[in-house]
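If you're wondering where the values come from, they're calculated on a predicted model, not measured in any experiment.
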Amino acid sequence: SCLSVAAGRGVTASVGSRQRGAAWAGKRVSSRLPVTAAAAVSTAVAPERQEEEQGTSSTTADGSGEGGDSDGDWKFDLVRSVGEECQTEPELRKLLEKKPNFVLYDGFEPSGRMHIAQGIYKMINVNKCTKAGGTFIFWVADWFALMNDKMGGDLEKIRTVGEYLIEVWKASGMDMSRVKFLWSSEEISNRAEEYWGQALDIARRSTLARVKKCCQIMGRQEGSLTAAQILYPIMQCTDIFFLKADICQLGVDQRKVNMLARDYCEAAGRKLKPVILSHHMLLGLKQGQAKMSKSDPDSAIFMEDSAEDVARKISNAYCPDAPEEAPTGSDGESMRLIDDDLMNPCLDYIQYVLFSREDSTLEVGGRSFTTFPALREAFLAGEVDEAALKEALIGEVNELLEPVRRHFQEDSRAKELLQKVTEWRRETLTPTSSLTRLELPWLGEASSPLFVVFAPLPTEYVRVSDVWSVVQRLRSAPEGHQPVLWLEDWSARTLDCVGGDAECVASFYQLLLHGMRSVAPDLMEGVKVCWQGESILQGPSDYWTSVINAGRKCSLEDVRLALPEGDSLEGASQVVAALMHVGDVLALAGGGRPAVLCAAPGHRGLHGLAARYVEESGLPTPEVTASAVPALRLRADGEGLEADTNVYLTDRDADVNRKIKKAFCEPENVDFCPPLAWVDALLPLAGSFVVKRKADNGGDLTYTDSEAIRADFSSGVLHPGDLKPAVGSALNSALSAVRDGLKSSGDLKKAQKKLETFAKKKAKAKKK
């Protein structure tokens, strides 16, 4: 999973005054901040950035901000020179002082070709960072490429392209001694609980609107976003913490998602934030191209281009010597932090590719230039013409690329990889249809149909009504079906149930299961209980691939329509949880056994979303049913405090009696009478319901069906003053086994204590 690459023979670059390998990395770079765009063009930080940067100390590459003059500051100057912007300089300086062996990261999607910015320019920046003591991690984002439908959504092709790109870097002159390549699909699968726990927490703390701002990193406009593309920024943000990166060294186009990581640190109370070091985005070679495009071969120089290709592209490149009006629809603002009114790609290449190297000298038209500002001034003044400028650039670029060309001609493995990638570029690759899903081993143990009930999401208290509701739905399973209870513990965490605390979520479900096993032991013996998290960890790669694939087919509108009635789509966590629900149902219903999904009101829409996806995937469609469950709240919705209007599993006898006594119970009103609803719930458990009365009041009454007791209450034969104590007594009797278990089990005591502590903290926070 970790590929540390040593530069092979014949792969170091030799261009002009350029040094070789690590020695080149050490000598070519000045110990002072290099000449930057501000020395050559009129610059200004875009005002739109200021709101995001309030409260931080950052500096763009115009050199404003802190900079050291002593020899001890050379590391700071060297690393800082990589970025067009740094968030923030004081944090970077402190990091380099406190942690000599710091970690940087950049991620890349294997998507076919590598242009000169990703190749040569990245090599220069990596060598600067590693010379200063950093370890540079390249995160090979094969899963991200899958979400973006790269290489037709074929993961094997994506991995082959990733191997090809690594070969390019080996040949470019990158010092590989402090470089690691990690494949996201492997690393995430091997440490799935750690990775996805972090991802779920980021989703929990992020609004959907905030995550949408990051989606330009995928080149997609908001209106065309799929649900999977909301996962992308969340996962990329997770990468930073998963890799323990001190510095995010990516392009300016990735700035918003990197800033999401800093926002998350604020929300999560994390003291150390990642430093964001955003490098310049090279212009496309054509007029109005704010960046190079892999889909337009003439917009950039690519690392495998022939000498003739380079000459043709640069000869035809846009090369103004005076500002021109920007074309309509230009996306330059999103790609750079420093304004450049000239937008000359030839000068851009010269500044950032050639003069990023220390002691570079460029021969143009018989003159030698040692700094970029001097060359730019001469060009604008007409002392250097366009033809001479382009001729010099063509020569330098070809010398930079020649070692790469030789490597792919002489190295058999590199040659094979290039051949495959070249062939795929000639093809029209369309997204592949994948039926990858989580395999649940127990599904193969029998062939009976499944009857699946999803447990309620956790709260700080386990309501007895929740226990009764789940028991009743499980009892409604048709004969011959295997009842399955699915506990959504990971979804609950990302939805911020009980504060997103994993222990609180587990405590809720432990108490819920205890209540169900206490009141319906015979039923529960035949129920297959599945914890979502445990199930996912049996095949995390397949599960999350299925979630991603589902997200590729689902729009945000699909997710919104699947939410419980009255819920609005505001959190990124809602999108993640909805896609996880589809992954859950696909695992359950795609195993060859017919499935029925028995829905509570909160799950009905999500079940429908999942069932449609299963059908579209060519699998038998699960049947979605609903089971009527009596409302057991002791007052009408919106009336009274929740603690007083719900019976909790951990309530004592006195608590139950007090709550039932205060329940709404109007004489002869059977349309809304919570105590009668409780009788409906208790009768199937006890078989009969007894009302104790004095002889003067007619003596005891025994009921074996709901209709009889409702008839007596409606006629006035049964008074609320007699009904309520009888309900309290029957309910306490039904809970006796629950209480015995709570007293005798240390694990259940801990679970109860955990939820009580959370409830107290929540109540205290509300008072503030």
Side-chain angles (χ1 to χ4, degrees), residues 1-9 11-13 21-22 25 82 101-131 133-148 150-151 155-191 194-195 235-236 238-251 254 274 277 279 303-304 403-404 407-408 411 413-418 420-421 541:
S1 60
C2 172
L3 180 59
S4 295
V5 183
R9 57 182 177 83
V11 298
T12 53
V82 167
N101 299 311
F102 55 96
V103 176
L104 309 95
Y105 120 93
D106 189 0
F108 70 93
E109 284 187 11
S111 57
R113 307 187 75 180
M114 181 185 286
H115 49 57
I116 195 169
Q118 192 178 7
I120 299 299
Y121 185 39
K122 191 65 192 180
M123 173 270 294
I124 294 170
N125 287 338
V126 168
N127 285 355
K128 289 179 180 180
C129 295
T130 56
K131 178 178 183 280
T135 295
F136 209 105
I137 296 176
F138 279 101
W139 187 239
V140 190
D142 48 355
W143 267 13
F144 294 79
L146 176 66
M147 278 194 288
N148 265 342
K150 298 298 174 63
M151 306 308 296
L155 194 57
E156 287 304 313
K157 284 186 173 68
I158 290 169
R159 289 184 65 88
T160 299
V161 173
E163 293 172 4
Y164 154 72
L165 298 179
I166 292 172
E167 288 295 320
V168 175
W169 274 314
K170 285 171 58 178
S172 70
M174 185 179 289
D175 176 14
M176 295 292 181
S177 62
R178 297 182 68 89
V179 173
K180 295 180 179 179
F181 292 91
L182 302 179
W183 295 84
S184 64
S185 58
E186 292 181 4
E187 295 297 318
I188 293 171
S189 295
N190 292 338
R191 296 159 57 195
E194 176 188 351
Y195 184 91
M235 292 174 67
Q236 186 170 334
T238 302
D239 297 339
I240 297 167
F241 303 103
F242 182 69
L243 297 172
K244 297 179 172 56
D246 302 303
I247 300 175
C248 301
Q249 206 294 280
L250 295 89
Q254 308 291 310
L277 196 61
H279 64 248
M303 295 298 291
E304 76 275 12
V404 179
H407 180 63
F408 281 92
D411 186 284
R413 174 59 176 160
K415 190 173 183 179
E416 178 187 357
L417 291 170
L418 176 59
K420 288 182 178 179
V421 173
S541 179

Main-chain N/O of Gln118 paired with Trp169 side-chain donor or acceptor, under 3.5 Å: yes

Under 3.5 Å donor-acceptor, Tyr164 side chain and Arg159 backbone: no

Any donor-acceptor N/O pair, Asp411 side chain to His407 backbone, under 3.5 Å: no

All salt bridge (charged side-chain N to carboxylate O under 4.0 Å, His left out) counterparts of Arg178, not counting sequence neighbours: none

Any donor-acceptor pair under 3.5 Å from Asn127 side chain to Asp175 backbone: yes

Salt bridge (charged side-chain N to carboxylate O under 4.0 Å, His left out) against Lys420, all qualifying residues, sequence neighbours excluded: Glu416

Heavy-atom closest contact (Cys129 atom, Phe136 atom, distance): CB-CD1, 4.3 Å

Pairing of Lys415 and Glu304 as salt bridge, 4.0 angstrom limit: no

Near-ring test Trp183/Phe138, centroid separation under 6.0 angstrom: no

Donor on one side chain, acceptor on other, Asp246 and Tyr105, under 3.5 Å: no

Donor + acceptor pair across side chains of Gln249, Lys122 (<3.5 Å): yes

Ser185 (side chain) donor-acceptor with Asp142 (main chain) under 3.5 angstrom: no

Side-chain heavy-atom pair Cys248, Leu277 within 4.5 angstrom cut-off: no

